[in-house]
4 protein chains.
Amino acid sequence: MSSRQTQEREWHRQFILERAVTEFAQHGYQGTTMERIAEAAEVSKGTLYNYFSSKRDLFLSLIEWGSGRAREIVEEALEDEEKSIEERIRILVNHFMEFFETGRDIHRILMTEGNRIAVSGPGDLGPAIRSHYLKFITRLAEFISQGQQEGVFRPADPQRAAMVVLNIVGAELSHSIISDYPEPVSTHAEAVADFVLGALGSPVISRGPAR
Amino acid sequence: MSSRQTQEREWHRQFILERAVTEFAQHGYQGTTMERIAEAAEVSKGTLYNYFSSKRDLFLSLIEWGSGRAREIVEEALEDEEKSIEERIRILVNHFMEFFETGRDIHRILMTEGNRIAVSGPGDLGPAIRSHYLKFITRLAEFISQGQQEGVFRPADPQRAAMVVLNIVGAELSHSIISDYPEPVSTHAEAVADFVLGALGSPVISRGPAR
Amino acid sequence: MSSRQTQEREWHRQFILERAVTEFAQHGYQGTTMERIAEAAEVSKGTLYNYFSSKRDLFLSLIEWGSGRAREIVEEALEDEEKSIEERIRILVNHFMEFFETGRDIHRILMTEGNRIAVSGPGDLGPAIRSHYLKFITRLAEFISQGQQEGVFRPADPQRAAMVVLNIVGAELSHSIISDYPEPVSTHAEAVADFVLGALGSPVISRGPAR
Amino acid sequence: MSSRQTQEREWHRQFILERAVTEFAQHGYQGTTMERIAEAAEVSKGTLYNYFSSKRDLFLSLIEWGSGRAREIVEEALEDEEKSIEERIRILVNHFMEFFETGRDIHRILMTEGNRIAVSGPGDLGPAIRSHYLKFITRLAEFISQGQQEGVFRPADPQRAAMVVLNIVGAELSHSIISDYPEPVSTHAEAVADFVLGALGSPVISRGPAR
DNA sequence: CATGAATGAGCGTTCATTCAT
DNA sequence: TATGAATGAACGCTCATTCAT
């Protein structure tokens with residue numbers, strides 16, 4: 001097969017994934033039909049199976065892709081050792097918020113469906129997703145641990161703290177849905193970061209409009 | 001119909017709901033079949049339809065019941081005006097943690113399935129659930145608002161803050177699932193309360209083993 | 001469940017099997033759809049699954065039923081020790097021919113589909129069918145072995161001989177299909193028995209119209 | 001188009017057929033996919049359709065080819081008028097057994113799938129196959145008829161007798177499958193011939209190890 | 001001519017719901 | 001009221017066939 005064909009095949013695969021994300025985000029794993037995905041991706045049902053061996057495979061590919069992107073965000077935000085710990089947390093939240101804007105759907109899946117499926121999903125999706133989740137959490141926990149050693153954060157189980165950070169960020173997503181406000185979610189990145197830093201124990205000096 | 005018959009009917013209905021909770025918690029809304037619920041409730045499939053007009057109705061009844069119980073917890077914890085704001089938050093978290101222990105399933109549904117379905121569930125479960133959610137959040141937001149006025153909490157959008165509180169508590173649930181630790185979740189109520197108070201802006205003086 | 005209900009359920013199951021036989025006989029295992037069986041049995045597709053867990057299960061039940069009936073025929077024909085060996089073979093062939101008349105379809109399945117599937121069927125039907133086949137062949141082989149010891153039949157591998165007998169009887173089925181003759185297959189039982197006895201080595205003295 | 005091109009095209013066609021035989025033999029008509037055939041023939045799926053207009057056409061070509069080869073065997077074995085009738089039957093059986101060895105697959109198809117499809121196959125394969133079958137049977141019947149006139153065989157419907165011969169040979173195939181013995185089928189050609197001659201009414205004087 | 005991506009009708013199977021008993 | 005057999009629409013998935021390259 002020529003390289004160009006391989007390339008195009010990969011593009012097409014990506015395209016299908018991108019369209020599928022929205023469906024899964026809106027209807028959940030079980031509620032999303034291959035038929036709908038096919039329509040959303042503007043291909044026939046059969047074509048889906050030329051790219052993914054099953055619905056499960058498609059969904060897992062999507063989780064992998066999404067959690068990969070999320071890990072990149074964490075990495076990019078945390079790796080710059082020149083910046084202060086607090087600064088880096090703010091950047092992390094910021095990047096996450098922006099990721100929401102463009103990848104709001106994939107995040108929603110990661111947060112809710114992933115959470116539920118990690119418990120006892122159909123076709124044993126659980127372990128696979130849980131593993132992606134853990135890689136993600138672990139990196140964040142390491143950073144928090146470092147912050148604790150430097151005295152910036154108060155002592156607490158780093159993994160629990162990482163989970164808390166993740167869920168506070170997720171709370172903003174829920175809030176945006178419930179409140180149905182018009183402005184981009186990332187507008188509130190500062191406010192969210194305040195909650196995160198507060199939870200981790202850092203003295204909060206909000207730089208947002210409040211106060 | 002005699003009052004006693006009415007009473008028994010109501011008991012039976014409750015019994016079915018209690019058995020259904022576990023199923024929904026384990027398999028999600030779509031993944032739970034009426035067949036399974038019937039078996040779990042030790043009745044026939046047909047009987048289910050004598051008590052609930054549809055699967056949707058059954059699930060909604062369950063959400064209503066669960067979120068009702070959750071609202072009671074919030075109310076009980078927050079109403080005692082003799083206690084300090086911070087004290088009441090700690091009690092709230094404590095009660096929630098205990099609710100997890102006994103009603104872990106209903107909570108899991110409220111947190112994950114509820115969250116997802118609130119967006120765009122099958123058969124338009126969304127609006128109904130969202131309304132329950134809001135009543136719940138609103139009460140918490142009122143209390144936080146009061147705390148802010150009293151200067152105990154730092155200023156922030158109270159509804160957003162309420163959502164953050166809820167999600168921090170939810171984080172512990174996720175953490176317990178991921179970490180698969182053996183002790184009761186409520187063991188960690190103190191640690192969770194610390195995160196909550198930190199996020200809300202209260203100066204944290206942990207009374208747990210840390211420090 | 002009352003005994004009458006159980007009884008009726010069993011009848012219904014039998015009825016479905018009887019209707020299914022024709023379909024499988026005409027279109028083979030893979031060529032027969034559950035839809036067609038449902039139509040033939042005058043029920044909905046879903047009902048089929050109230051009685052059989054899968055297409056495979058339905059087919060296997062049918063094979064079991066048919067091969068059970070066939071074994072009974074063999075047993076009935078061969079057990080009467082008062083009759084001569086040759087006489088019993090003639091009775092056997094006769095009964096088989098009559099079985100064809102009423103159960104032509106099940107026989108066709110046993111002969112052709114069974115044969116093919118025994119090799120490498122879909123969903124590993126092979127071993128199950130092969131086992132039924134063997135019980136059947138073994139009883140016949142025992143009888144032939146006895147005949148050989150009594151000097152009525154010439155020496156030969158009894159199992160091979162049993163297979164030959166079965167296939168000669170089967171040949172008549174093929175012949176009736178190819179020639180498309182109008183009279184009942186059992187009309188030719190004598191002629192078929194002559195072939196069988198000849199093959200087994202008994203001196204043939206046909207009592208049919210030939211000679 | 002040059003003759004050489006035509007030639008090569010024909011070769012390629014043959015090659016595909018030879019590879020397809022194995023697939024059809026193992027999985028049956030319906031159970032064999034064009035995908036599998038393409039893989040087995042080391043071409044793409046599309047190419048298959050350059051040589052055969054449809055799966056049906058491919059299968060029919062294969063039946064034609066196989067039954068042609070079978071007819072040749074019959075012809076070769078029976079035409080040598082110098083040999084005795086009995087001798088020629090033994091040669092026929094022998095050749096058939098050898099044909100099994102090299103063309104076991106095509107035979108299996110002819111015997112089982114062919115048999116079933118002859119009745120009412122998908123896409124009306126029936127009549128076409130039946131016609132091949134008849135040509136084949138008819139030649140054998142003629143020979144048997146001759147044997148009967150010469151008094152070597154007892155009187156019987158020649159076509160029925162031909163069918164019986166064919167099925168006895170087929171019995172050995174079934175037997176080899178059921179018994180799963182290791183030696184080549186042709187090892188037992190003598191034994192099979194004994195059964196055939198016995199069935200046709202010839203006095204059996206086995207030349208095999210038995211007696 | 002060779003390819004393999006695209007197609008869509010059709011398959012086996014599931015399950016919420018109905019209804020005669 | 002309680003039952004569970006019957007239903008049929010809808011699902012995930014397969015595969016013979018087409019066609020642009």
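Chain naming here is simple, since letters A, B, ... match the order of the sequence lines and numbering starts at 1 in each. In this text, all values refer to a predicted model and were calculated from it rather than measured experimentally.
The CD atom of C/E35 sits 12 Å away from the C1' atom of F/dT7 (whole-angstrom rounding). In this structure, the CD atom of C/Q30 is 12 Å from the C1' atom of E/dG12, given to the nearest Å.
In this model, the phosphate group of E/dA6 is approached by a side-chain N or O of A/H12 to a distance below 4.0 Å at OP1 or OP2. Listed pair D/Y51 / E/dA2 meets the phosphate criterion, a side-chain N or O lying under 4.0 Å from OP1 or OP2.
Annotation: cation-pi geometry satisfied between B/K55 and B/Y29 (NZ/CZ under 6.0 angstrom from ring centroid, within 45° of ring axis).
The nucleotide whose nearest atom lies closest to any side-chain atom of D/N50 is, among F/dG12, E/dT17, E/dA2, E/dA2. Comparing atom distances between the A/Y49 side chain and each of E/dC1, F/dA16, F/dC13 picks out F/dC13 as nearest. With E/dG12, F/dA6, E/dT3 as the choices, the nucleotide that has an atom nearest any side-chain atom of C/K55 turns out to be E/dG12.
Under the side chain to side chain contact (heavy atoms under 4.5 Å, CB included) criterion, C/S44 pairs with C/T47, not counting sequence neighbours. With sequence neighbours excluded, no residue forms a ring-ring contact (aromatic ring centres under 6.0 Å, His included) with A/F52. Listed by chain and number, the residues in a side-chain hydrogen bond (donor to acceptor under 3.5 Å, both in side chains) with A/Y49 amount to none (sequence neighbours excluded). Under the rule for a side-chain hydrogen bond (donor to acceptor under 3.5 Å, both in side chains), C/T32 has no partner lying at least two apart in sequence or in another chain.
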Hey, what are the protein-to-nucleotides 8-10 of chain E N/O distances that come in under 3.5 Å?
unit_1, atom_1, unit_2, atom_2, d
E/dG10, O6, A/K45, NZ, 3.0

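Pairing analysis of DNA chain F (Watson-Crick: purine N1 to pyrimidine N3 plus N6-O4 or O6-N4; G-U wobble: N1-O2 and O6-N3; both under 3.5 Å) yields stems of 3 or more pairs at E:2-21 with F:2-21.
Taking 4.5 Å as the limit, every side-chain heavy atom of D/Y51 sits out of range of all side-chain heavy atoms of D/L58.
The pair B/R19-B/E42 counts as a salt bridge, with a side-chain nitrogen and a carboxylate oxygen less than 4.0 angstrom apart.
Taken to the nearest 0.5 Å, the NE2 atom of B/H12 stands 11.0 Å off from the CG atom of B/L17.
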